[in-house]
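Throughout, numbering of the chain's residues begins at 1 and tracks the sequence.
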Amino acid sequence: GSVCTNGASEPTKCKAGTFAIAGSSKCTPSPPGSFVDKTGSTSAKPCPAGTWSGKGAAACTNCEPGTISTVGSSACTQCPAGSIADRAGLSACTKCPPGSFANKKGSKECTKCPAGYFSSTLNSIECTPSPAGYFINGVGSTSYNPCPVGTWSGLGSSACTACIPGSFSSSAGSSSCRRCSPGTFANSNGSSECKPCPPGRYSGHSGASLCELCNAGSWSRSGALSCRLCPKGHFSPAGSRHCIQCSGALLQIGRAPLAARCAPWQRG
């Protein structure tokens, strides 16, 4: 731990950060990854895990957050993406738990998955969007939920959207709404099914939010795509489910679909 120099009356102790073995003529700096904390030392000690040192160190330095080291390190290593070191002086990285991620090396903390995204495994470098037909309405999720009937969603949704009038979704987890077929309608948001047009009304196109009234002189059954004309000798008001036969002394006035009433018989 001491050296003898020419003309010296007594050995000189090596200072901290250096050492000397017996018979040495000079002190040797501690190598990188080690330290000498006392004067007069005969050897260097390795830096403990979580620290590092350069050449000639009297003490080791803690690794910064986001980095780690093993015993005897001359430098610290960044934690890989998907893991973190949340404080100084750590010897190992911690994997991000499900529901979070770290997308770059040297991270100090994991980030929770935002709404609409999830991670179900350890060590995630990114979160996955919820599939179409599903949603995630909070942060830090590990799974996703199906949209209820009457709603739909696209990829990475934080909420489901109600089907608009004239459309429906009949099963949970729908990625789109279906248009009501001709003869049916849905008159409110969030419908799980379309209803058949009631008697006296009709819908001749898809996506109807309401059914149209049959004109006077015509009629329809439930679920009609169009109205039927009353036959000669019959009449009907608008919105009728059947035609009414004119009585003996009455005559249908006008031609269907305008025959809404009968009039007294008139001789020609």
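Between the CD atom in Glu109 and the OG1 atom in Thr94 there is a gap of 13.0 Å [rounded to 0.5 Å]. Here the straight-line distance linking atom OG1 of Thr28 with atom NZ of Lys55 works out to 9.0 Å at 0.5 Å rounding. A distance of 12.5 Å separates CG in Asn145 from OG in Ser157, rounded to the nearest 0.5 Å.
Considering every non-hydrogen atom in both Pro231 and Cys243, the closest pair reads CD-SG, 4.3 Å. Heavy atoms only, all atoms of each residue included: Cys246 and Phe235 are closest at SG-CD2, 4.1 Å. Taking every heavy atom of both residues into account, Phe118 and Ile136 meet most closely at CB-CD1, 3.6 Å. Listed here is the closest heavy atom pair of Cys79 and Ile68: SG-CG2, 4.1 Å.
Between the side chain of Ser203 and the backbone N or O of Leu225, no donor-acceptor pair lies under 3.5 Å. At distances below 3.5 Å, not a single donor-acceptor pair connects side-chain atoms of Ser218 with backbone N or O atoms of Cys227. Panel note: side chain Ser236, backbone Gly217; a donor-acceptor pair is recorded below 3.5 Å. A donor-acceptor pair under 3.5 Å is absent between the side-chain atoms of Thr151 and the main chain of Thr161, judged by distance alone. Put simply, the side chain of Ser181 never gets that close to the backbone of Ser206: no donor and acceptor are under 3.5 Å apart. Although no hydrogens or angles enter the test, the distance criterion places a donor-acceptor pair under 3.5 Å between the side chain of Arg201 and the main chain of Cys211. Remark: the backbone N or O of Gly133 is paired with a side-chain donor or acceptor of Ser153 at under 3.5 angstrom. Side chain of Ser169 to backbone of Gly150: a donor-acceptor contact under 3.5 angstrom is found. Between the side chain of Ser130 and the main chain of Tyr144, no donor-acceptor pair closer than 3.5 Å is present. Remark: side-chain polar atoms of Ser69 are paired, donor with acceptor, to backbone N or O of Gly50 under 3.5 angstrom.
Side-chain contact between Lys45 and Asp37: present, with at least one pair of heavy atoms (C-beta onward) separated by less than 4.5 Å. Arg241 is not listed as a side-chain neighbour of Trp219, based on a closest heavy-atom distance of 4.5 Å or more. Trp52 places none of its side-chain heavy atoms less than 4.5 Å from the side chain of Ser74. Between Cys214 and Tyr202 the shortest side-chain heavy-atom distance falls below 4.5 Å. Looking only at side-chain heavy atoms (C-beta outward), Ser191 and Cys163 stay at 4.5 Å or farther from each other. Under the 4.5 Å side-chain criterion, counting only non-hydrogen atoms from C-beta, Cys47 is not in contact with Val71. Contact annotation: the side chain of Cys60 approaches that of Pro48 to within less than 4.5 Å [non-hydrogen atoms, C-beta and beyond]. Within the 4.5 Å cutoff, the side chain of Trp152 has no heavy atoms near those of the Cys147 side chain.
The environment of Leu213 atom CG is dense: over 12 non-hydrogen atoms of other residues, nucleotides or ligands sit within 6.0 angstrom. The 12-atom threshold is exceeded at CD of Gln78, counting heavy atoms of other residues, nucleotides or ligands nearer than 6.0 Å.
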